[in-house]
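First up is the structure itself, then whatever we jot down about it.
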Amino acid sequence: MINLDKVRQYRWNIFKLILKKIGTFLGLRIETYFLMKYELNKFDIESKIASFDYSDVQEFYLVDLQDSPLFDLHKKNIFKERFALKTYSCYGIKNKDEICYITWISWKKMNYPNTFQITERLESNEALLLDSTCNPKYRGLGYHSKMNVFRLNTMLKNNIKTAVALVEGINTPALNVQIKSGFKITHKLSSLSFFRMHKLIKTKINAKCKK
């Protein structure tokens, strides 16, 4: 059965997503992500944040997420671990008791996909934009751009110098949001796994960030 929400999100890239799922079923897993960075620019961020109304934005805690039907048990367990570590922050928007949108900042860890088999800590002056989820009922309201700027401003307030993002190669809408926010692609990360064999290729694209 075709997931219409995925079609709307990935558009023509949905065919690449289908091929990826078929490959995974056959034991072949290929992942491509872009590593992006942005040297935080106070003037740029403040000019962008003035364009949005943040009166509906709040910080979320486990109690806000644990009963939401928007997330499965696996996701809720991940959230529980993050809150326990106290090195992640979660922000979002609610309509009464319904979650419209949530998004995260990782302050210490570079969260690569599990298939990459990499564990890294962020530099002391870096923070990672992580996991944004929009309730399908509230798509098209500009929450991605709004909350992206909110997180960059939050990083700035916490004396972070460089924002980091890791975006799946086929997720064109997410790539466009980050580029509009000021990010530059620095590396392409390609992971190839076939049963127990694994290879990771990290290709430098552009080491310069927006200043």
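Just so you know, residue 1 is the first one in the sequence shown, and it goes up from there.
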Notebook entry, point to check: Hey, which of T103, I93, I49, L141 is the one that makes side chain to side chain contact (heavy atoms under 4.5 Å, CB included) with K146?
Noted result: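 Per the side chain to side chain contact (heavy atoms under 4.5 Å, CB included) rule, the option paired with K146 is I93, out of T103, I93, I49, L141.
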Problem set entry | Within-4.5 Å side-chain heavy-atom neighbours: Y38 and I45 |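 The answer is yes; the side chains approach within 4.5 Å.
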Holding to side-chain hydrogen bond (donor to acceptor under 3.5 Å, both in side chains), I want the full list of residues that pass it with S51, two or more places apart in sequence or in another chain.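 With sequence neighbours excluded, S51 shows a side-chain hydrogen bond (donor to acceptor under 3.5 Å, both in side chains) to no residue whatsoever.
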| Considering residues at least two apart in sequence or located in another chain, which fulfil the side-chain hydrogen bond (donor to acceptor under 3.5 Å, both in side chains) criterion with Y101? |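 Result, side-chain hydrogen bond (donor to acceptor under 3.5 Å, both in side chains) vs Y101: S132, H144.
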Sequence neighbours left out, cut at 3.5 Å: what donor-acceptor pairs do the side chains of residues 121-129 make with other protein atoms?
residue	atom	partner	partner atom	Å
E126	OE1	E123	N	3.2
E126	OE2	K37	NZ	3.0

Inset, instruction - Any side-chain hydrogen bond (donor to acceptor under 3.5 Å, both in side chains) involving residues 63-84? Give me the pairs, sequence neighbours left out, ordered by first then second residue. - result: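 Passing the test, one end in residues 63-84: R82-D131.
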inquiry  = Tell me which pairs pass side-chain hydrogen bond (donor to acceptor under 3.5 Å, both in side chains) where either residue lies in residues 85-98, with sequence neighbours left out.
reply    =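 Every side-chain hydrogen bond (donor to acceptor under 3.5 Å, both in side chains) pair that includes a residue of residues 85-98, provided the two are not neighbours, is Y88-N111, S89-W107, N95-Y138, E98-K137, E98-Y138.
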How many angstroms lie between atom [atom1] of [X] and atom [atom2] of [Y], to the nearest 0.5 angstrom?
X: K48; Y: N41; atom1: NZ; atom2: CG; answer: 8.5 Å
X: Y33; Y: L189; atom1: OH; atom2: CG; answer: 10.5 Å
X: Q178; Y: F183; atom1: CD; atom2: CZ; answer: 5.0 Å

Looking at every heavy atom in both A163 and L40, which two are closest together, and how far apart are they?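 Smallest heavy-atom distance, with atoms named: CB-CD2, 3.9 Å.
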Treat each ILVMFWY residue as a node, draw an edge where side-chain heavy atoms are under 4.5 Å apart, and state whether M110 and I118 are in one component.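 Yes, M110 connects to I118 through the hydrophobic network.
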Margin query: Is there a path of hydrophobic side-chain contacts, each under 4.5 Å between heavy atoms of I/L/V/M/F/W/Y residues, joining L175 to V177?
Written below: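 No, V177 and L175 fall in different hydrophobic clusters.
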| task | Answer with yes or no after comparing the ring centroid distance for W104 and F83 against a 6.0 Å cut-off, counting only values under it. | result |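 Yes.
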Any donor-acceptor pair under 3.5 Å linking the side-chain atoms of N148 with those of Y143?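 No pair is found: no donor N or O on one side chain lies under 3.5 Å from an acceptor on the other.
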Sort and list the pairs that fulfil salt bridge (charged side-chain N to carboxylate O under 4.0 Å, His left out) and have at least one residue in residues 154-167, not counting sequence neighbours.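 The answer is none; no pair qualifies.
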